[in-house]
**Q** 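Submitted below is the structure of interest, expressed as structure tokens.
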Amino acid sequence: QVQLVESGGGLVQAGGSLRLSCAASGRFFSRYVMGWFRQAPGKERELVARSAWSGGTTYYAESVKGRFTISTDNAKNTVYLQMNSLKPDDTAVYYCAAARNFYRLEYASSYDYWGQGTQVTVSS
């Protein structure tokens, strides 16, 4: 079993920054792929960024490329999402997720464990 707990959300003005954290615990989570998703009201949950826990190839949605950075800290068992140059369109609940298998990682259904979500609101 893997437990994921997000933190770091909040209210920020457009152009500002936030760093989300996802503290992970449980067996074998270091072998998983970690993803950050977001879901805005009335919209489907979408993948924002993902990375293998050990690093290596990362993926970013086109809408956040150059602004968001996913990173992992093995010593702290924590995954981060650094969000810069935030826009009102980034407003959503952000979720951390872990996948045991390395396929179809663009789909939320491929992830086995989820955090409770943290609200990010960007004002114009």
Side-chain angles (χ1 to χ4, degrees):
Q1 189 70 15
V2 174
Q3 294 82 41
L4 304 172
V5 179
E6 302 103 331
S7 61
L11 174 64
V12 64
Q13 288 188 332
S17 298
L18 283 174
R19 189 177 76 161
L20 305 183
S21 300
C22 172
S25 61
R27 294 186 64 184
F28 308 121
F29 65 83
S30 61
R31 304 177 186 175
Y32 295 172
V33 173
M34 303 302 296
W36 283 99
F37 285 78
R38 67 185 181 187
Q39 188 167 21
K43 294 187 177 181
E44 292 188 357
R45 194 169 295 191
E46 64 170 345
L47 178 65
V48 173
R50 62 165 170 83
S51 174
W53 190 270
S54 57
T57 303
T58 56
Y59 165 87
Y60 295 96
E62 281 298 323
S63 58
V64 307
K65 269 184 187 177
R67 301 189 298 123
F68 290 12
T69 303
I70 186 171
S71 61
T72 60
D73 185 330
N74 290 342
K76 296 182 178 180
N77 297 335
T78 301
V79 180
Y80 301 100
L81 185 68
Q82 177 67 44
M83 306 185 295
N84 299 328
S85 302
L86 282 162
K87 305 174 182 180
D89 284 348
D90 295 318
T91 296
V93 177
Y94 283 71
Y95 297 90
C96 175
R100 291 175 293 183
N101 297 303
F102 287 56
Y103 62 91
R104 295 171 63 85
L105 291 170
E106 66 271 30
Y107 298 108
S109 58
S110 297
Y111 291 75
D112 304 285
Y113 304 100
W114 291 84
Q116 81 285 358
T118 185
Q119 177 71 47
V120 172
T121 303
V122 183
S123 63
S124 57

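Just so we're clear, the structure is a prediction, and the values are computed from it rather than from any experiment.
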**Q** Mind listing the closest non-hydrogen atom pair of Asp112 and Asn101 along with its distance?
**A** OD2-N, 4.5 Å
**Q** Report, as yes or no, whether the 6.0 Å neighbourhood of atom OH on Tyr107 holds more than 12 heavy atoms from other residues, nucleotides or ligands.
**A** no
**Q** Determine the sole option in Val120, Val12, Val122 for which the side chain to side chain contact (heavy atoms under 4.5 Å, CB included) test with Met83 is passed.
**A** Val120
**Q** Do Tyr111 and Arg50 come close enough that some side-chain heavy atom pair is under 4.5 Å?
**A** yes
**Q** Please determine if Arg45 forms a cation-pi arrangement with Tyr95, meaning its NZ or CZ atom is less than 6.0 Å from the six-membered ring centre and no more than 45° off the ring axis.
**A**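 Pair Arg45/Tyr95 counts as cation-pi.
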**Q** Side-chain contact test, heavy atoms from C-beta onward, threshold under 4.5 Å: evaluate it for Trp36 versus Phe68 and give yes or no.
**A** no
**Q** State whether a side-chain donor-acceptor pair under 3.5 Å links Ser123 with Gln13.
**A**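 The answer is no; no qualifying pair exists.
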**Q** Looking only at the side chains, is there a donor atom on one of Tyr94 and Arg38 sitting less than 3.5 Å from an acceptor on the other?
**A**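 Side-chain D/A pair, Tyr94 to Arg38: present.
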**Q** Are Gln116 and Glu6 close enough that some pair of their side-chain heavy atoms sits under 4.5 Å apart?
**A**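 Counting from C-beta outward, Gln116 and Glu6 do come under 4.5 Å.
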**Q** Any side-chain heavy atom of Leu86 within less than 4.5 Å of one from Leu18?
**A**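 Counting from C-beta outward, Leu86 and Leu18 do come under 4.5 Å.
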**Q** Is the closest side-chain heavy-atom distance between Tyr59 and Ile70 below 4.5 Å?
**A**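 Result no, sub-4.5 Å side-chain heavy-atom pair not found.
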**Q** Side chain to side chain donor-acceptor pair (under 3.5 Å) between Ser17 and Asn84: does it pass, once the steps are laid out?
**A** CA-CA 4 Å; Ser17 298; Asn84 299 328; 2.9 Å; yes
**Q** Identify the heavy atoms of Gly117 and Val93 that sit nearest to each other, and give their distance.
**A** CA-CG1, 3.9 Å
**Q** For Tyr60 versus Thr69, what's the shortest heavy-atom pair and its separation?
**A** OH-CA, 3.4 Å
**Q** Would a distance-only check, ignoring hydrogens and angles, find a side-chain to backbone donor-acceptor pair under 3.5 Å from Ser110 to Arg104?
**A**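 Side chain of Ser110 to backbone of Arg104, a donor-acceptor pair under 3.5 Å: yes, one is there.
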